[in-house]
Amino acid sequence: MNVERFLIVIVASLYWVEGREITKILTVKGGDWGSWGEIKYCPEGSFADGYKMQIEPPQGFGDDTSLNRVSLSCRDAETLEKTGNVTPYSNTRSFGSWGSETSCHKGQFLTSFALQVEKPQGAGDDTAANFVKFTCRNKTEGEPSVLYQQPGAGYWGSFGEWSEICPLGSAICGLQQMIEPFHGLWTDDTELNNLKFYCCQ
C-alpha cells in the first residue's frame, strides 16, 4: 500500500465510525492531567439532545474533584424517541453524584459546548473541569440557543471560549472524556479534565 492510499484509509476511518459519518470534532482548552478514553456514540440515526453531570460538592479540608463525568441522552432524529444514554467510564470509580438530566426543546439537538476549568493551583488543590454547557439547534436550520443546568456554573474556575459548532445537517452524536485516574488517599485528584464531542451527519 503506497503512502497516499494509506492516508486516504486513515482519513476515512476517522470520519466513518460505528456507522456514523463524522462531520466535525469539537474541542476546547481543558485541564492538564489524565488521558483520553474510548469514544462512545449514540445509536445510528440518533443524536444527543440532553446531558447530565456527575459532580462532587466541595469537601472542605478534603480533596476536591468537582465535575467528574458527563453523560449524553440520545434521541432518534426521525421518530424523536429516546434511544439511550452515552456514558463513558461508567464502571470505573468516581466521586460525587449524578444530577438531573437537562434537555433541548424537542426536535433540537446539542451542537457546541463550553467548559468551565480551574487553572492549575500549584501547591493548592486542583479540580480541573468544573461544569459544561451546550447549545441546541434544529439539525437543519435555525439559530442555536444556550442550554445549561442550574446554577449555570461550577464551584471553581471560569468558562473558556465556545467550541466550533456542528455544521448544518449534523449534531453531536459522540463523547470522549479525558480522565486523570484515581491516585489513592491523601493525593490531589482531579478526575475529568477535558471533553471532546463528535458531530454526526
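- A distance-only check finds a donor-acceptor pair linking the side chain of Asp125 to the backbone of Asp64 [under 3.5 Å].
- Panel note: side chain Gln116, backbone Gly157; a donor-acceptor pair is recorded below 3.5 Å.
- The disulfide bond (SG atoms under 2.5 Å apart) with Cys173 is formed by just one residue from the set Cys42, Cys199, Cys200; it is Cys200.
- Residues Phe197 and Val28 fail the side-chain proximity criterion, which asks for heavy atoms closer than 4.5 Å.
- The salt bridge (Lys or Arg N to Asp or Glu O under 4.0 Å) pairs that include a residue from residues 171-198 are Arg69-Glu191, where partners are two or more places apart or lie in different chains.
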Show the atom names and distances, to 0.1 Å, of all donor-acceptor pairs under 3.5 Å that link a side chain in residues 96-111 to residues at least two apart or in another chain.
| from | atom 1 | to | atom 2 | distance (Å) |
| --- | --- | --- | --- | --- |
| Glu101 | OE2 | Ser73 | OG | 3.4 |
| Thr111 | OG1 | Thr135 | O | 3.3 |
| Thr111 | OG1 | Thr135 | OG1 | 2.8 |

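- In this structure the side chain of Ile39 never reaches within 4.5 angstrom of the side chain of Leu175, judged on heavy atoms.
- Counting heavy atoms from C-beta outward, Met53 and Val132 have side chains that approach closer than 4.5 Å.
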CA sep, side-chain torsions, deciding dist, call: Asn138, Thr140, side-chain hydrogen bond (donor to acceptor under 3.5 Å, both in side chains)
CA-CA 6 Å; Asn138 183 285; Thr140 56; 3.0 Å; yes

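- Put simply, the side chain of Asn194 never gets that close to the backbone of Leu192: no donor and acceptor are under 3.5 Å apart.
- Rounding to the nearest 0.5 Å gives a distance of 10.0 Å between OG of Ser158 and CG of Leu115.
- For the side chain to side chain donor-acceptor pair (under 3.5 Å) criterion with Glu56, the lone passing option out of Thr127, Asn68, Thr65 is Thr65.
- By the 4.0 Å N-to-carboxylate-O rule, Arg20 lies too far from Glu44 to be salt-bridged with it.
- A tilted orientation is assigned to the rings of Phe113 and Phe134, their planes being inclined by 30° to 60°.
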The test is ring pair (Phe, Tyr, Trp, His ring centres under 6.0 Å); show your working for Phe131 and Tyr155 and say whether it passes.
CA-CA 8 Å; Phe131 211 83; Tyr155 301 108; 8.9 Å; no

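- A donor-acceptor contact shorter than 3.5 Å is absent between the side chain of Thr79 and the backbone of Asp76.
- Pairing each heavy atom of Ser71 with each of Asn85, the nearest pair is OG-CB, 4.0 Å.
- Sorted by first and then second residue, the salt bridge (Lys or Arg N to Asp or Glu O under 4.0 Å) pairs with a member in residues 130-150 form an empty list; sequence neighbours excluded.
- Looking only at distances, a side-chain donor or acceptor of Tyr51 sits under 3.5 Å from a matching main-chain atom of Gln149.
- The two residues Val70 and Gln177 make their nearest non-hydrogen contact at N-OE1, 2.9 Å.
- Put simply, the side chain of Asn193 gets close to the backbone of Asp32: a donor and an acceptor are under 3.5 Å apart.
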Criterion side-chain contact (heavy atoms from CB on, under 4.5 Å) on Cys74 and Asp49, from CA distance to verdict
CA-CA 6 Å; Cys74 304; Asp49 76 331; over 6 Å; no

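- Taking 4.5 Å as the limit, every side-chain heavy atom of Pro57 sits out of range of all side-chain heavy atoms of Ile55.
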